[in-house]
J.: 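If you scroll down you'll find the structure; I have some questions about it.
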Amino acid sequence: MTSFAIALVLGLLVLWVVQLAPAVRYAATFRNSRPAQIANECLPKMCVHFPLRGADPHLALAMRSLLNQDYPDFELRIIIDSREDPAWEMVPEILRQYQQERDSASEGGGTRCSAVHVTTLREKRRTCSLIGSCLVQFVEELDDSCTLMAFADADMVVPPHWLREMASALVDPKVGTTLGNRWYAPSTADWGTLV
């Protein structure tokens, strides 16, 4: 092996180590930090925006994960693109199956979702995308009882503590917003999740 090849390999190895150290330190901060646990009565009402378009293969899992949140008081607001959209028929069926399973289960716990609102997108604005139009409608439909908002996608399967952990961080008056993917990051350190 030439001295140039050896220098190149050593240089690449040093660059890899230099990049790896901050990445490991960054990942460790997530593993070692947990938001403070806040009592149920201190958590404000939350509204979850769930815009749908099409028959996403993860839709049932995503809806169930949202309905199974351990948050004390939240609403799920589903805005479907149109009545012709495949999600329009899927959502009531998923809700019916979910309720039937809950009714037949021996335990009474589960979701604290105070309401599920299912509507269609009323106006497809020319000034923004469809998701932008959904966001505008979602905000317009909110009432004063909703203090916090969360946004979910049809392919987003979240753990039962997702809303609680986000809200726990948002209770701090210095925090105005948070990025949800931090709160439902997988607990395993596989290559895909690390990337």
Side-chain angles (χ1 to χ4, degrees), residues 30-80 87-88 90-121 131 134-135 137-173 175-188 193:
F30 290 130
R31 195 169 308 126
N32 297 331
S33 69
R34 284 280 177 225
Q37 290 296 320
I38 307 293
N40 284 352
E41 56 274 3
C42 296
L43 291 170
K45 183 174 181 179
M46 185 175 299
C47 293
V48 180
H49 178 235
F50 195 52
L52 298 177
R53 185 175 198 207
D56 191 284
H58 298 99
L59 177 58
L61 284 173
M63 276 184 65
R64 286 172 181 275
S65 73
L66 291 171
L67 291 168
N68 285 323
Q69 291 298 298
D70 66 359
Y71 198 78
D73 185 17
F74 72 98
E75 291 182 3
L76 180 59
R77 294 183 170 264
I78 302 170
I79 300 176
I80 302 173
W88 185 255
M90 292 175 68
V91 166
E93 181 59 22
I94 293 167
L95 290 171
R96 186 192 64 73
Q97 288 176 1
Y98 178 80
Q99 189 60 47
Q100 188 176 24
E101 289 167 12
R102 281 190 33 107
D103 291 345
S104 65
S106 59
E107 57 198 54
T111 187
R112 297 201 181 117
C113 185
S114 58
V116 177
H117 304 276
V118 182
T119 60
T120 58
L121 180 60
I131 191 69
C134 276
L135 285 169
Q137 181 174 325
F138 168 70
V139 172
E140 286 175 346
E141 292 175 352
L142 291 178
D143 59 43
D144 292 339
S145 70
C146 181
T147 305
L148 298 177
M149 296 177 280
F151 304 97
D153 291 323
D155 63 348
M156 199 168 103
V157 179
V158 295
H161 56 275
W162 179 63
L163 290 178
R164 179 177 290 278
E165 288 190 3
M166 276 197 302
S168 296
L170 292 169
V171 168
D172 182 343
V175 177
T177 185
T178 183
L179 183 61
N181 70 342
R182 154 60 182 99
W183 305 106
Y184 73 99
S187 58
T188 60
T193 58

J.: Give, for atom CH2 of W162 and atom CE of M166, the distance between the pair rounded to the nearest 0.5 Å.
T.: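 The distance works out to 4.0 Å.
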J.: Taking the side chain as every heavy atom from C-beta outward, state whether M90 and M63 have any atom pair closer than 4.5 Å.
T.: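 They are not in contact (no side-chain heavy atoms under 4.5 Å apart), so the answer is no.
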J.: Should Q99 and L95 count as side-chain neighbours, where that means a heavy-atom distance under 4.5 Å?
T.: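 No, every pair of side-chain atoms sits at 4.5 Å or beyond.
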J.: Minimum heavy-atom separation for P51 and I131, please, with both atom names.
T.: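 Between these two residues, the closest heavy atoms are CG-CD1, 3.3 Å.
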J.: Under 3.5 Å, side-chain donor or acceptor atoms of residues 145-160 against the rest of the protein: list the pairs with distances, not counting sequence neighbours.
T.:
unit_1: S145; atom_1: OG; unit_2: K45; atom_2: NZ; d: 3.3
unit_1: S145; atom_1: OG; unit_2: D143; atom_2: OD1; d: 2.4

J.: Indicate whether any N or O donor in one side chain lies under 3.5 Å from an N or O acceptor in the other, for R164 and N40.
T.: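 There is such a pair between these side chains.
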J.: Do you know which two heavy atoms are closest between A62 and S65, and how far apart they sit?
T.: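 Nearest heavy atoms, A62 then S65: O-OG, 2.8 Å.
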J.: Run E141 and T119 through side chain to side chain contact (heavy atoms under 4.5 Å, CB included) and show every step you take.
T.: CA-CA 10 Å; E141 292 175 352; T119 60; 4.1 Å; yes
J.: Taking atom CE of M46 and atom CD of E75, what is their separation to the nearest 0.5 Å?
T.: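 If we round to the nearest 0.5 Å, M46:CE and E75:CD are 12.0 Å apart.
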J.: For E93, which residues count as a salt bridge (charged side-chain N to carboxylate O under 4.0 Å, His left out) partner, sequence neighbours excluded?
T.: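 Result, salt bridge (charged side-chain N to carboxylate O under 4.0 Å, His left out) vs E93: R96.
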J.: For the residue pair F74 and L66, what are the closest heavy atoms and their distance?
T.: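 In this case the closest contact between F74 and L66 is CZ-O, 3.3 Å.
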J.: Side chains of W88 and L52, heavy atoms from C-beta outward: is any pair under 4.5 Å?
T.: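 They are not in side-chain contact.
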J.: Within this structure, what is the CG-CD distance for the pair L170 and E165, rounded to the nearest 0.5 Å?
T.: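 L170 CG to E165 CD: 12.0 Å, rounded to 0.5 Å.
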J.: Quick check: do C47 and F138 have side-chain heavy atoms less than 4.5 Å from each other?
T.: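 Yes, close enough: below the 4.5 Å cut-off.
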J.: Please name the pair of heavy atoms, one in H58 and one in D56, separated by the smallest distance, quoted to 0.1 Å.
T.: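 So the two residues come closest at N-OD1, 2.7 Å.
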J.: So do the side chains of Q97 and R64 get within less than 4.5 Å of each other, counting heavy atoms only?
T.: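 Q97 vs R64: side chains touch.
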J.: In Å and rounded to the nearest 0.5 Å, what is the OG to CG distance from S168 to L43?
T.: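 Reported to 0.5 Å precision, the distance equals 5.5 Å.
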